[in-house]
Amino acid sequence: MPSPTSPRRTGRNACPPAAPPEGDRRTGIPACPHGGRTSAFLGIDVGTTAIKAVLIDPSRPGGILAQAGGEYPIDCPQRDWAQQDPEDWWRGLVACVRQVVSAAPDVKVVALALSTQGDTLCPVDATGRALAPARTWMDARAAPEIAELSQAREPLWWYRRCGMKPAPFQALGTVAWLRQHDPQAFSEAEWFALVPDFLMHRLCGERVVDVPNASRTIFFDTINRRWDPEAMSLIGIDESRVAQARESGDVVGALLPEAAEALGLSTDVIVATGGHDQTAAATGCGALAEGTMMLSCGTAWALLGPARSPVLDSQARLQTQCHAFPGGWGVLGAHAGGALLRWFRDTFAPELSSRDDAYETLVREAEAAPPAGDLICLPHIYGAITPTWKEHARAGFLGLTLQHTRGSLVRALLEGVAFECLWNVTVVEEVVGHIAELRMIGGAAKSLPWAQIVADATGKRVVLPQVNEAAAYGVALLAAKAVGAIPDTMQVTQHLPLAAILDPDPAASARLTARFADYRAVFHSLTAP
């Protein structure tokens, strides 16, 4: 395993110089002066617990002019409940945008777009105010309603129409739960708002949701990119009670006066459709070309491969959703990642919890430990998601001996997460074809040793883009595209500066391939009915 200071690299990895005033010859995109001020585009990523904003000049590769961030809470009043006050999204958005605008007073913001957490939904009245807390994707209270819907139409019926099988975290379950347990909010709701249309209405007065987010509700026809009347009828709603679905990178309108005043922007700023956070991040890190897949490493790890047709897995092991590029779809896999390493730190290395270098310290211990040998870590800290869908699966270490150290455990953990990545990549390749390159972003992408383990386990080249906040950057590009400032997002992101390119080590790959067979055998034996 290479050290953090000397990774195996091929290709360029240095930051490019700033673009000249006339633009950047590599992208072919001219600089956009606006009354003597540089035109800039704003991307805002409204996540589960945090919000981030970036201001970009797309004439420069990775040209982030300013960025800011903030946090907001999740309320968990009962077991399986995880909800938010939608006003926290708006307050966070206002604070973030004001920080970014004040940090770049010499630029003109031309357009903005939103990247948002998926699946989270709340009922709203005619003024756009929430009638109940927003139920987030982490909420599992709708399990009984999902079970009923899965009996009304078998899971593959939903998958073939909507690209996913019913699960408690989806908007489908939220609407069904409200109908059963909060009939007043259900009946009074003017529409059922996802995060993007809740904020879009506040920004420009329009009830519009981007197609990638709509396609995750499980009452949207993902194949034909429109709302599904039959699926909606099963939860007692119709198209009049949802937002209009529009493709990513479309102009929706201009800022309302009150929104412009709150944000510190002018009323001529255009609001464009953005995307679901994973599709936005794939856009921002350049993972749109065939053979390229995004690996986003956060609390959970998500893999998103692009497809030019609405491909479905015959065994429904993956999720298919609409992507943020025209006529595009994404095949999504997900599994536990950062949550497991954080749990390990807090449980077995509490003395490191307050240190900024906690994860680096643990990874160094893993590097110093010999290969894990017979030690296997199953990383399913909250159940197995794709491609096995074993909700009852649990995490664990198997094969411990007196010779194993804390570093041995961390090494097995890093490898276990990489094995889940390999499993998902293998299934994705069955559906969309050969994957040559993983574009790795997020927390784990800052750890070159862990990125190298991913390269070795999957046998794929791992590319680490230097861009920060890929989701916010991606929707900033969509905003620029909406107003014609760039022809397409791929033309910009293919010139992103790179931190490193890691090729798999043949010897390490051979060892991990052999271990993966044991890993799968252990998993199946422990999760068998």
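Counting from 1, the numbers follow the sequence of the chain as shown.
Atom OG1 of T120 and atom CZ of R135 lie 9.0 Å apart (nearest 0.5 Å). Rounding to the nearest 0.5 Å gives a distance of 14.0 Å between CZ of F41 and NZ of K481. Within the model, atoms CG of L303 and CD of Q278 stand 9.5 Å from one another, a figure rounded to the nearest 0.5 Å.
Taking the six-membered ring for Trp and thresholds of 30 and 60 degrees, W301 and H335 have ring planes inclined between 30 and 60 degrees apart.
Contact between L340 and I381 at its shortest, heavy atoms only, is CD1-CD1, 3.8 Å. The shortest heavy-atom contact between V467 and G284 is CG1-O, 3.9 Å.
Side-chain atoms of K460 come within 3.5 Å of backbone atoms of I435 as a donor-acceptor pair (strictly under, hydrogens ignored). Side-chain N or O atoms of D119 include none that pairs as donor or acceptor with a backbone N or O of W137 at under 3.5 Å.
A cation-pi arrangement is absent between R153 and W158, since the terminal nitrogen or guanidinium carbon is not both under 6.0 Å from the aromatic centre and inside a 45° cone about the axis. Geometric assessment of R225 against the ring of W329 yields a positive cation-pi assignment under the 6.0 Å and 45° thresholds. Under the 6.0 Å distance and 45° angle rule, R241 counts as a cation-pi partner of F186.
With respect to D250 and R246, a salt bridge is recorded, a charged nitrogen being found less than 4.0 Å from a carboxylate O.
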Go through it in stages, so that I can follow the logic: the residues are D197 and W191, the test is side chain to side chain contact (heavy atoms under 4.5 Å, CB included), and I'd like the CA-CA distance, side-chain angles, deciding distance and then a yes or no.
CA-CA 10 Å; D197 41 300; W191 89 94; 2.9 Å; yes
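Remark: R342 CZ is loosely packed, at most 12 non-hydrogen atoms of other residues, nucleotides or ligands lying under 6.0 Å away. Summarising the local packing, CD of E71 is surrounded by 12 or fewer heavy atoms from other residues, nucleotides or ligands at distances under 6.0 Å.
No hydrogens or angles considered: nothing links the side chains of K52 and S115 as a donor-acceptor pair under 3.5 Å.
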